[in-house]
Amino acid sequence: MGEPAKRLRSDAELWAELEALPLNLKGEIIDSELHVMPRPRPRHTWTTTMLGQHIGGPFNADNDGPGGWIILVEPGIELPSAPEVAPDVAGWRRERFAWPEGNEPLRIVPDWVCEVLSPSNAVYDRRIKFPFYARIGVSWLWVVEPRDRTVEVRKRETDRWSVLATFAGDEAMRAEPFDAIEIPLGRLWAG
């Protein structure tokens with residue numbers, strides 16, 4: 001005997017489940033499935049914040065650096081196959097970005113995403129989110145592993161990721177698509 005068929009839930013049911021999550025949990029809806037995980041812990045949040053600052057500063061403000069991008073930390077994005085997905089950090093080339101009206105969500109596929117792995121989300125990110133990002137057309141993916149103090153830089157080739165480089169420890173990193181600046185990795189690691 002096979003496994004029983006899984007009942008597909010409507011978007012309205014998934015949204016109701018997402019909104020009912022306790023505050024210590026967060027969720028994302030990808031391919032008609034709600035994925036629930038704990039909220040990020042301080043070390044994860046530190047790394048995400050530092051990356052947002054190091055990249056956002058020079059790339060968000062044209063007068064302070066290369067400019068040309070919009071960088072956001074944990075943006076809520078709604079796409080047809082993912083009514084709610086929130087990369088840890090995401091970036092859009094400025095010419096492709098349009099601020100949504102009022103409190104509307106973003107509905108534009110990012111050009112770059114960064115996911116900071118945690119013990120609670122690493123398998124989900126690798127098995128669900130990374131293939132999803134490739135499928136929807138994200139061009140670059142950075143995978144940050146705070147425990148190992150590594151950053152893996154990936155570029156999409158058709159529907160899969162190619163690893164361009166891996167940086168570790170306290171190295172100074174220059175990596176696509178932000179290779180116009182140097183990022184001191186030592187600042188990303190809390191403690």
Any donor-acceptor N/O pair, Arg43 side chain to Ala190 backbone, under 3.5 Å: yes

Counting only N and O atoms by type, is there a donor-acceptor contact under 3.5 Å from the side chain of Arg39 to the main-chain atoms of Leu23? yes

A quick test of your reading: do over 12 heavy atoms of other residues, nucleotides or ligands sit less than 6.0 Å from CZ of Arg96? yes

Would you say the side chain of Val36 lies within less than 4.5 Å of the side chain of Leu21, judging by non-hydrogen atoms? yes

Here the pair of heavy atoms bringing Pro146 nearest to Val116 is CG-CG1, 3.5 Å

Taking atom types as modelled and ignoring hydrogens, do the side chains of Glu152 and Trp142 form a donor-acceptor contact shorter than 3.5 angstrom? no

Looking at Arg156 and Asp111, does any basic side-chain N land under 4.0 Å from a carboxylate oxygen? no

Minimal heavy-atom distance between Pro58 and Ile181, with the atoms involved, is CG-CD1, 3.8 Å

Is the shortest distance from a Lys or Arg side-chain nitrogen in Lys155 or Glu157 to a carboxylate oxygen in the other one below 4.0 Å? no

Salt bridge check, Lys129 against Glu28: does any charged N sit closer than 4.0 Å to a carboxylate O? yes

Any side-chain heavy atom of Leu188 within less than 4.5 Å of one from Trp46? no

Donor-acceptor check, side chain of Glu171 to backbone of Met173, threshold 3.5 angstrom: yes or no? no

Nearest heavy-atom contact between Phe130 and Arg154 is CD1-NH1, 3.6 Å

When the aromatic ring centroids of Phe97 and Trp69 are compared, is their separation below 6.0 Å? no

Say whether, by atom type as modelled, one donor and one acceptor occur between the side chain of His35 and the main chain of Tyr124 under 3.5 angstrom. no

Identify the two heavy atoms, one from Ala180 and one from Phe59, that lie closest to each other, and give their separation to 0.1 Å. CB-CZ, 4.2 Å

